[in-house]
Structure formats: C-alpha cells, structure tokens
Amino acid sequence: EYVGRGCATSASPDMHADMAMTHDKVAIPADPYLGDPKGRIALIDRGKQPIQGELPAAGSGCSVSARVRRAQEAGARGVVVLQTSVGSPEAFSPDGDPAGVSIPVMMIDRKDGDALRTTLCPTLAGGRCAQSTQVMASMRDAPGEWGALRIVDVTEPATPREVGVFRTSNSTIFPPPDFSVFSPQRAVVAGNVAIVPWNSDGARAIDIGGLTPREVGSFVPPDVPDPLGVLPAKAYVVSVAIVSVPPTSARRAARQYVLVSDVNSGLYVLELGQAVSRPP
C-alpha cells in the first residue's frame with residue numbers, strides 16, 4: 001500500500017514567522033497517509049513527490065525509522081522505502097534510531113520505486129490513491145558489500161588502471177549487523193598513507209606505498225546519539241583533514257595532526273605518528 005512520504009509528527013528547530021527572534025520548536029503534523037497500510041506492506045517515499053501536494057518541509061524527526069514506527073503502529077506488516085534522490089538513485093541503509101522497530105524494512109532503487117508508485121497510485125481522489133493496479137512481487141536477499149578504497153594508476157591518463165583495493169572487515173559483512181554505515185568517504189594523503197573517513201568504521205590509515213594496500217592504524221569515535229534524533233547512535237566519520245604545525249622555540253620538530261569530523265559526537269584532533277607519516 002503506497003502511503004506517500006509518511007513523516008510522523010515532529011518538532012522543527014527552525015524559527016516560525018510568528019515567533020520572530022525566538023528559538024521555540026514548532027510542531028509539524030504527520031503527513032496524511034494516501035492509503036491504509038493495516039495488514040499490508042507500506043511503501044513510503046524517502047522524499048516528497050508531486051502527487052503528495054503541498055506538504056510542509058520535513059522536521060528534524062523525519063527519519064526513516066520514525067516513519068517505520070508510525071506505519072508499524074498503523075498495522076503495517078513491513079515497510080519498503082522508495083529511494084527518490086536524483087543524484088543518488090541507488091538504495092542504501094535506512095536511517096534513524098531502530099529502537100522500537102519490529103517489522104522488516106528495506107529500501108529499493110529509485111527506478112523500481114517510481115514504477116511501483118505510478119502503478120499503485122496513479123491519481124488521488126479525496127486524498128487517497130485511486131485507480132491503482134495490484135502488484136505481485138517477491139524479494140530476496142543477495143550477497144553484497146559496501147564500497148571500497150580503490151587505488152588507480154594514472155601514469156597514462158588515457159588508460160588508467162586499478163592497482164589495489166582495500167575494504168574494512170565490516171564492509172564485507174552481509175547483511176549489516178545494524179544501522180551502521182561501512183563505506184569510505186573522501187581520503188587525504190600524507191606521504192604514502194591515505195587517511196580515510198569510513199563512517200561507522202571511523203578513520204582508517206591505509207599504507208598505499210606497496211602493491212597491496214594495508215591498514216597501519218585506525219581511530220573509531222565512541223557511539224553517541226544524534227542530537228537531532230535522525231541518525232542511529234553510531235560513529236559517523238564523514239571527513240578528515242591533515243594539519244601541519246611548524247616548529248616553535250619550545251619544539252624543534254614540526255608536527256602533523258589529523259582532524260576527524262564525526263556527525264554525532266564532534267571534532268577529534270589526533271597526532272599523526274611517524275610510523276604512518278613517513279615519506280614514500
């Protein structure tokens with residue numbers, strides 16, 4: 001049963017026009033359901049679609065898990081989230097705190113989601129989907145893995161070639177153990193070592209000087225709840241930077257530090273040891 005975006009009641013941290021110069025939270029009502037999910041599998045859009053009309057902007061509590069709990073309370077047997085992003089049409093792990101979720105939930109790619117939406121809800125009548133066609137489908141798990149750090153030789157720009165691949169052990173586990181994300185972000189390089197932000201696997205130091213990339217160090221921040229209640233209470237390292245501090249009168253040698261940015265818990269400053277910062 002297609003229900004639309006399906007956001008639960010939430011509180012917006014933004015200022016309201018009638019509350020100028022205040023920071024009071026404004027209650028955002030739940031999105032109206034376009035169908036009754038009781039006893040059925042609820043199809044929920046990740047983002048608002050034109051068929052849903054003038055919905056308010058999503059509040060801070062509009063996570064996938066919050067929407068799943070709402071569908072669960074309405075009697076849904078399971079939830080399929082339709083990916084709606086144009087820039088990233090592939091499905092990924094649902095977000096939010098999984099506490100209280102007892103029904104299965106998964107996300108599917110945008111192309112399949114668009115096809116299902118068009119079939120199940122071609123038009124609206126009285127705020128509900130009309131002229132829908134019944135869909136029979138089946139789903140099965142297939143082995144998969146998260147992304148990887150790939151080393152590419154661009155000596156010949158016209159014919160680049162992959163020379164090495166590195167994955168953390170968690171990025172090869174299927175299915176994932178929880179709502180953690182085990183994929184790499186943009187790396188920075190110091191000498192022959194790449195410092196890679198790896199979401200729930202923290203920051204990884206990878207020696208890329210040899211034929212086979214190998215890990216020489218790591219830092220994983222503690223699991224901390226998201227202050228806005230959207231992401232799971234996991235480490236989420238999304239960016240790193242290397243900062244060089246020149247010598248001073250009290251310290252003859254220059255020092256290098258790694259800045260690690262975690263979405264939930266904040267900024268960490270680590271000293272880059274000589275063992276991982278030596279030149280190639």
With side-chain hydrogen bond (donor to acceptor under 3.5 Å, both in side chains) as the test, would you mind laying out the steps for Asn170 and Thr168 before giving the verdict? CA-CA 5 Å; Asn170 283 326; Thr168 64; 5.5 Å; no
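- Using a 4.5 Å heavy-atom threshold, the side chains of Ile44 and Arg70 count as separate.
- Two different hydrophobic clusters hold Leu149 and Val188 under the rule that ILVMFWY side chains link at heavy-atom gaps under 4.5 Å.
- A donor-acceptor pair under 3.5 Å links the side-chain atoms of Thr172 to the main chain of Ser169, judged by distance alone.
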(Q) Could you go through Lys234 and Asp223, starting from their C-alpha distance and side-chain angles, then the distance that decides it, and tell me whether this counts as side chain to side chain contact (heavy atoms under 4.5 Å, CB included)? (A) CA-CA 4 Å; Lys234 305 296 295 184; Asp223 293 340; 3.4 Å; yes
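- Heavy atoms of other residues, nucleotides or ligands lying less than 6.0 angstrom from CD1 of Ile103 number more than 12.
- At least one donor-acceptor pair under 3.5 Å links the side chain of Ser200 to the backbone N or O of Val181.
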Next on the checklist: The test is side chain to side chain contact (heavy atoms under 4.5 Å, CB included); show your working for Trp198 and Ser171 and say whether it passes.
Outcome noted: CA-CA 10 Å; Trp198 215 291; Ser171 65; 4.3 Å; yes
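- Considering every non-hydrogen atom in both Leu259 and Val243, the closest pair reads CD1-CG2, 3.7 Å.
- The shortest heavy-atom contact between Ser183 and Asn199 is O-ND2, 2.8 Å.
- At most 12 heavy atoms of other shown residues, nucleotides or ligands fall within 6.0 angstrom of atom CD in Glu156.
- To the nearest 0.5 Å, atoms CD1 (Ile242) and CD (Gln256) are separated by 6.0 Å.
- In terms of modelled atom types and a separation under 3.5 Å, the side chain of Gln72 and the main chain of Ser102 share a donor-acceptor contact.
- Each of Arg5, Arg67, Arg117 was evaluated against Asp45; a single residue qualifies, Arg117, per the side-chain hydrogen bond (donor to acceptor under 3.5 Å, both in side chains) test.
- Separation of atoms CZ (Arg167) and CD (Glu215) is listed at 14.5 Å; rounding is to 0.5 Å.
- One distance of note links CD1 of Ile206 with CG of Asn192; it measures 12.0 Å at 0.5 Å rounding.
- Pairs of residues two or more places apart, or lying in two chains, that qualify as side chain to side chain donor-acceptor pair (under 3.5 Å) and include a residue from residues 74-90 are Arg46-Gln83.
- Under the 3.5 Å distance criterion, the side-chain polar atoms of Asp153 are left unmatched by any main-chain donor or acceptor of Arg161.
- Hydrophobic clustering (ILVMFWY, side-chain heavy atoms < 4.5 Å, transitive): Val240 and Val220 are in distinct clusters.
- For Val86, the side-chain contact (heavy atoms from CB on, under 4.5 Å) test picks out Arg110, with sequence neighbours left out.
- By the criterion of side-chain heavy atoms lying less than 4.5 angstrom apart, applied directly or through intervening Ile, Leu, Val, Met, Phe, Trp or Tyr residues, Trp146 is grouped together with Val238 in one hydrophobic cluster.
- Between Pro89 and Lys111, every side-chain heavy-atom pair lies at or beyond the 4.5 Å cut-off.
- Side-chain contact check for Ile108 versus Leu116: some heavy-atom pair is nearer than 4.5 Å.
- Panel note: side chain Asn264, backbone Ala235; no donor-acceptor pair is recorded below 3.5 Å.
- Here the side chains of Tyr2 and Leu82 are in contact, with some heavy-atom distance below 4.5 Å.
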- Candidate pair Cys129 and Leu124, rule side chain to side chain contact (heavy atoms under 4.5 Å, CB included), full reasoning: CA-CA 5 Å; Cys129 293; Leu124 293 180; 4.2 Å; yes
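- In the hydrophobic clustering of this structure, Val258 does not group with Val196; members are Ile, Leu, Val, Met, Phe, Trp, Tyr whose side-chain heavy atoms approach within less than 4.5 Å, directly or through other members.
- In plain terms, the two heavy atoms of Ala71 and Ala42 that are nearest each other are CB-CB, 4.3 Å.
- Taking 4.5 Å as the limit, every side-chain heavy atom of Leu34 sits out of range of all side-chain heavy atoms of Val3.
- The shortest heavy-atom contact between Gly202 and Val237 is CA-CG2, 3.6 Å.
- Using a distance-only test at 3.5 Å, with no hydrogens or angles considered, a donor-acceptor pair links the side chain of Asp262 to the main chain of Tyr236.
- The side-chain hydrogen bond (donor to acceptor under 3.5 Å, both in side chains) check on Glu1 picks up Arg40, with sequence neighbours excluded.
- One hydrophobic cluster holds both Leu120 and Met106 under the rule that ILVMFWY side chains link at heavy-atom gaps under 4.5 Å.
- With hydrogens and angles ignored, the 3.5 Å screen pairs a side-chain donor or acceptor of Gln52 with a backbone N or O of Gln49.
- Between Ala125 and Ala130 the shortest heavy-atom distance is CB-CB, 3.9 Å.
- Checked by atom type and distance alone, the side chain of Asp207 never pairs as donor or acceptor with a backbone atom of Val216 at under 3.5 Å.
- Ala205 and Ile195 make their closest contact through CB-CD1, 3.9 Å (heavy atoms, listed as atom of the first residue, atom of the second, distance).
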